[in-house]
Amino acid sequence: MCGLVGIVGKDHVFSDLYDSLTILQHRGQDAAGIVTCDQGRLHLRKENGLVRDVFRHRHIEMLKGRMGLGHVRYPTAGSSSAAEAQPMYVNSPYGICLAHNGNLINANELSKSLFVSERRHINTDSDSELLLNVLADELQKSAGSLDSAEQIFSAVRGLHKRVKGAYAVVGLITGYGIVGFRDPNGIRPLIYGRRESTSGPEFMIASESVALSVLGFEVIADVGPGEAVFIDASGKVKVEQCAENPVYNPCIFEYVYLARPDSVIDKVSVYKARLKMGEKLADKIKREYPDNDIDVVIPIPDTSCTAALPMAHRLGVKYREGLVKNRYVGRTFIMPGQAERRKSVRRKLSPIELEFRGKNVLLVDDSIVRGTTSRQIVQMARESGAKKVYLASAAPPVRFPNVYGIDMPAASEFIAHNSSVEQIADYVGADWVIYQDLEDLILSASGINSDIVGFDCSIFDGAYVTGLLDPRYLDLLRTSRGQEVNDKSTIQKELIELHNQQ
């Protein structure tokens, strides 16, 4: 889960790239980078930190050019070092920069083959550097002229045959233009659009439609699964399907949590999908707890607010925003390391006690992953005087590792892994917990796009759209991410102690 943007403009693009990255900051807060191309010369600035901290006024003069890329990083594979911030660069052929969102599941094989066959040295642990070198290698092999874009499309076709996993990519070829493409399943999002200026049309490729709309670009289309879009330096656009068997399987967690509510991804409104999630979850509560005594629905901000409002309406109870979010603390879910996430919960959320005191409260969250955040919030609700605390998740139980670019590499981290709903309620301290059904989640995200044949729901059902995974890969992935894994035995021990106290 990273944020990408590429622009071909008629004037210097730094300002638009910067603004786009601030709009996409929710997709990554570990590092940021911008590269621009001016008269065949590349100018690059990237560093760890938020967009506002990485770029200063002096960089406006340095990052000149009418074409460029931007990236905000959320670390999964690799580390959080500044060396692995993006965009990344390789000088041959032509000089290529690349920004990548996703995760490759055959990184080890690619690394070995690139060195043995092509003598390409990979200098970091980032799979994005692997992707960049595969693209460079395929461009070197392909025949044709960059002026016709066929060489680029041929290179993307070759890349699809070698690379496995999730990848949305925006690349810059020095002096020629930018290219955007998605993996053959379309797991991670990518969209492009056009804006008219006094000097002619300008084009943007980005992770989410909101980046285009805020800057005045009109959406042309989503980049389809396996598809590539090339925009040359003069503004000519060419589109080509580069995968042999593309299948539309976007990641359903984009609609649950990752994307902004004002985005439309693969023609499906994120906002409307979350409204439907709330309605369907309310219906489940009415079925399973027909005589519930809920007094108030309170969302855990921000992502769950959209789902919580129709829940309250459908249940016929009050909706109150009883938890105030500190806007200057980033998204805890995408913070690197469980210790940092845990420490940030109390700094991020503050309860309005009068909304809790003496009431039976239904807390609504977009999902429950590790359970530690939920546990602290339930405790806050009780400390604020709530009589009873119920917890609803707009997503199903997270039980399986994510391998497509979300920092969920170890099943043992998840509270729902090998635990019943009753055990989860005991652990987080809620009177009861209820989860969305997967079928209802899929129905909520299903929209007007008939080309979508299904969604990647692997974190919920363990069905990986790229095929079966080697368990050794999951172990390697967890180790490479330096993941701090919760001790499941400790959780089970705490559950036993709680039962003994009752």
Side-chain angles (χ1 to χ4, degrees), residues 3-9 13 16-17 20 23-24 27 67 69-70 99-102 149-150 152-153 156-157 159-160 166-172 177-197 200-252 254-255 258-273 445-456:
L4 316 177
V5 61
I7 298 177
V8 173
V13 296
D16 283 341
L17 289 170
S20 299
I23 295 165
L24 297 172
R27 298 191 67 87
M67 182 168 64
L69 306 181
H100 165 221
N101 174 28
E150 177 51 37
I152 293 168
F153 294 143
V156 175
R157 282 192 285 271
L159 181 145
H160 285 327
Y167 48 95
V169 173
V170 182
L172 184 153
I178 62 173
V179 59
F181 56 91
R182 288 171 85 179
D183 66 79
N185 287 286
I187 298 172
R188 301 263 72 88
L190 201 63
I191 192 167
Y192 65 106
R194 171 184 173 132
R195 179 179 69 185
E196 291 296 334
S197 73
E202 301 176 306
F203 295 88
M204 178 192 289
I205 305 174
S207 292
E208 294 185 31
S209 64
V210 64
L212 279 71
S213 58
V214 170
L215 272 71
F217 285 80
E218 182 180 349
V219 170
I220 297 174
D222 294 282
V223 179
E227 197 171 69
V229 177
F230 178 63
I231 305 165
D232 71 18
S234 67
K236 294 178 183 176
V237 181
K238 296 184 179 180
V239 182
E240 182 95 5
Q241 176 54 254
C242 298
E244 293 179 353
N245 297 296
V247 183
Y248 229 136
N249 285 303
C251 174
I252 204 163
E254 290 282 350
Y255 302 96
L258 301 182
R260 277 180 45 154
D262 44 351
S263 283
V264 176
I265 293 179
D266 293 314
K267 299 181 182 177
V268 178
S269 165
V270 176
Y271 178 74
K272 287 188 176 181
S446 298
I448 62 171
N449 192 349
S450 59
D451 293 332
I452 295 177
V453 299
F455 293 92
D456 172 64

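Note that the numbering runs from 1 along the sequence shown for the chain. Hydrogens, waters and symmetry mates are skipped; everything else that's a heavy atom, side chains included, is used.
Looking only at side-chain heavy atoms (C-beta outward), I23 and L215 come within less than 4.5 Å of each other. Residues I452 and P250 have side chains in contact (heavy-atom distance under 4.5 Å, counting atoms from C-beta outward). Between I178 and F203 the shortest side-chain heavy-atom distance does not fall below 4.5 Å. Counting only heavy atoms from C-beta outward, the side chains of N101 and P189 approach each other to under 4.5 Å. Using a 4.5 Å heavy-atom cutoff, the side chains of I205 and I231 are in contact. Between I7 and E202 there is no side-chain heavy-atom pair separated by less than 4.5 Å.
Under the rule for a salt bridge (Lys or Arg N to Asp or Glu O under 4.0 Å), the partners of D16 that lie at least two apart in sequence or sit in another chain are R195. Residues satisfying the salt bridge (Lys or Arg N to Asp or Glu O under 4.0 Å) criterion with D262, sequence neighbours excluded, are R260. Partners of Y167 according to the ring-ring contact (aromatic ring centres under 6.0 Å, His included) rule, which considers only residues two or more places apart in sequence or in another chain, are H160. Taking S450 as the reference, nothing meets the side chain to side chain contact (heavy atoms under 4.5 Å, CB included) condition, with sequence neighbours excluded. The side chain to side chain contact (heavy atoms under 4.5 Å, CB included) test applied to V223 returns R182, L190, Y192, E227, V229, not counting sequence neighbours. Every residue meeting the side chain to side chain contact (heavy atoms under 4.5 Å, CB included) condition with A166, not counting sequence neighbours, appears here in chain and number order: D183, I187, R188, Y404. Checked against side chain to side chain donor-acceptor pair (under 3.5 Å), Q241 has no partners two or more places apart in sequence or in another chain. Applying the side chain to side chain contact (heavy atoms under 4.5 Å, CB included) test to V270 and every residue at least two apart in sequence or in another chain returns Y255, A259, S263, I265, R274.
Between A99 and L69, the shortest heavy-atom distance links the atoms N-CD1, 4.3 Å. Of all the heavy atoms in F455 and S446, the pair that sits closest is CE1-OG, 3.9 Å. Of all non-hydrogen atoms in P184 and P225, the two that sit nearest each other are O-CB, 3.3 Å. Scanning all heavy atoms of the two residues, the minimum distance from A221 to I191 falls at O-CG1, 3.3 Å. Of all non-hydrogen atoms in F230 and A149, the two that sit nearest each other are CD2-CB, 3.6 Å. Minimum interatomic distance between V268 and A445 (heavy atoms only, all atoms of both residues): CG1-O, 3.2 Å.
A side chain to side chain donor-acceptor pair (under 3.5 Å) check over residues 211-225, counting only residues at least two apart or in different chains, returns nothing. Among residues at least two apart or in separate chains, salt bridge (Lys or Arg N to Asp or Glu O under 4.0 Å) pairs with a member in residues 240-252 are R157-E240, K161-E244.
Checked by atom type and distance alone, the side chain of N449 pairs as donor or acceptor with a backbone atom of D266 at under 3.5 Å. Listed for the S209 side chain is a donor-acceptor partner under 3.5 Å among the backbone atoms of V264.
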Could you walk me through whether L17 and V5 pass the side-chain contact (heavy atoms from CB on, under 4.5 Å) check?
CA-CA 7 Å; L17 289 170; V5 61; 3.9 Å; yes

